[in-house]
Amino acid sequence: MNPPSTPTFESLGLSSELLEAVRAAGFASPTPVQAACIPALLAGRDVVGQSRTGSGKTAAFGLPLLQAIDLERREVQALVLCPTRELASQVARELRGFGAGLGGLTVLELTGGQPARPQREALERGVHLAVGTPGRVQDHLQNGSLHPRSLRHLVLDEADRMLDMGFGPDVRRIVKALPTERRTALFSATFPTSIEEMSRSLQKPDALRVEIEAET
Ligand code: ADP
Ligand code: MG
């Protein structure tokens, strides 16, 4: 079944620790969105990635994020925004799983519907990566508990749903607070004009556009 050109995880530029994590997860070969996005993200490019639900977008952005984290620096270096708490929890869980072999990686959920104080305290102690919903992330940025200065990597997951749910203005406010010297990745199951506009306003002009197949 596999033509010789089928990409392997080994050919994408991932570290040995992350290749081990991929093996432990039981992934035999990268999905198309992973094969297209992982090398570009590892090279520091902005990416807008579209592929249907269930096609492995979490690992497509998650593995390069984990590889970019400097574990010696206990400050928030990457932020993933998701439209719902459930999705944020799911993404955080998957990132912790992939990062289990990275030694001391901390992934914090910043979602609403629960007290902000433990989140604030965790931020004070120092975390590497935050996964949250736009409202709560915005709160933490506004009250100064989340320092944007060390944030170099932003991912908007399920960007189409975030826009549908009316988070566009929140997302824009959050992005304005981040350093301009950052990598921005945008992932989505669909590619409506609104995503194209979002890419144009938030990403670098040379952002790689990956479209795998339309949502059916
Ligand atoms: P999406 O975000 O595109 O909806 P997910 O990242 O949630 O998709 O992945 C869907 C499922 O596929 C998850 O259970 C995930 O563990 C699994 N998966 C991801 N990548 C691979 C792969 N390369 N090989 C096998 N399973 C994979
Ligand atoms: Mg997803």
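The first residue in the sequence is number 1, and the count goes up from there. Whatever order the structure lists them in is the order used to number ligands and atoms, beginning at 1.
- For residues 161-200, the ring-ring contact (aromatic ring centres under 6.0 Å, His included) pairs, not counting sequence neighbours, are Phe61-Phe187.
- Residues His140 and Gln119 bring a donor and an acceptor atom of their side chains to less than 3.5 Å of each other.
- Near Arg52, meaning under 4.0 Å from one of its heavy atoms, ligand 1 places the atoms 3 (O).
- Looking at Gly54 next to ligand 1, an N or O pair under 3.5 Å apart turns up.
- Residue-level proximity to ligand 1 for Gln34 is carried by the side chain, the only part with a heavy atom below 4.0 angstrom.
- Taking every non-hydrogen atom of Thr53 and a distance limit under 4.0 Å, the qualifying atoms of ligand 1 come out as 4 (O).
- Between Thr58 and ligand 1, at least one N/O pair is under 3.5 Å apart.
- In Lys204, the NZ atom is crowded: over 12 heavy atoms of neighbouring residues, nucleotides or ligands sit closer than 6.0 Å.
- The closest side-chain donor-acceptor pair between Thr184 and Arg182 falls under 3.5 angstrom.
- For the residue pair Arg96 and Thr106, no side-chain donor N or O sits within less than 3.5 Å of a side-chain acceptor on the partner.
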For this session: Apply side-chain hydrogen bond (donor to acceptor under 3.5 Å, both in side chains) to Ser89 and Glu109, showing your working.
Result: CA-CA 7 Å; Ser89 290; Glu109 283 171 51; 2.8 Å; yes

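- Taking 4.0 Å as the cut-off between side-chain N and carboxylate O, Glu121 and Arg117 count as a salt-bridged pair.
- Interface of Ser29 with ligand 1, defined as ligand atoms under 4.0 Å from a residue heavy atom, comprises 22 (C), 23 (N), 24 (N).
- Residue contacts with ligand 1 for Phe9 involve side-chain atoms from C-beta outward but no N, CA, C or O (heavy atoms, distance under 4.0 Å).
- The protein atom (non-hydrogen) at minimum distance from atom 3 (O) of ligand 1 is Lys57 NZ, 2.9 Å.
- Using a non-hydrogen distance threshold of 4.0 Å, Gly26 does not register as a contact of ligand 1.
- The shortest contact between atom 27 (C) of ligand 1 and any protein heavy atom is with Phe27 CE2, 3.4 Å.
- Among Val155, Leu79, Val131, the one residue that satisfies the side chain to side chain contact (heavy atoms under 4.5 Å, CB included) test with Leu65 is Val155.
- Near Ser55, meaning under 4.0 Å from any of its heavy atoms, are these atoms of ligand 1: 1 (P), 3 (O), 8 (O).
- Within a 4.0 Å radius of atom 14 (O) of ligand 1, the protein contributes no non-hydrogen atoms.
- For atom 10 (C) of ligand 1, a protein non-hydrogen atom is found at a distance below 4.0 Å.
- Within the structure, side-chain hydrogen bond (donor to acceptor under 3.5 Å, both in side chains) pairs that include any residue of residues 40-49 do not occur (at least two apart or interchain).
- For Glu72, the CD atom sits in a loose shell: 12 or fewer heavy atoms of surrounding residues, nucleotides or ligands are nearer than 6.0 Å.
- Considering backbone and side-chain N/O of Gly56, one or more are found under 3.5 Å from N/O of ligand 1.
- Close N/O approach between Ser51 and ligand 1 is not found [any backbone or side-chain N/O within under 3.5 Å].
- At a 4.0 Å heavy-atom cut-off, ligand 1 does not touch Ala60 at all.
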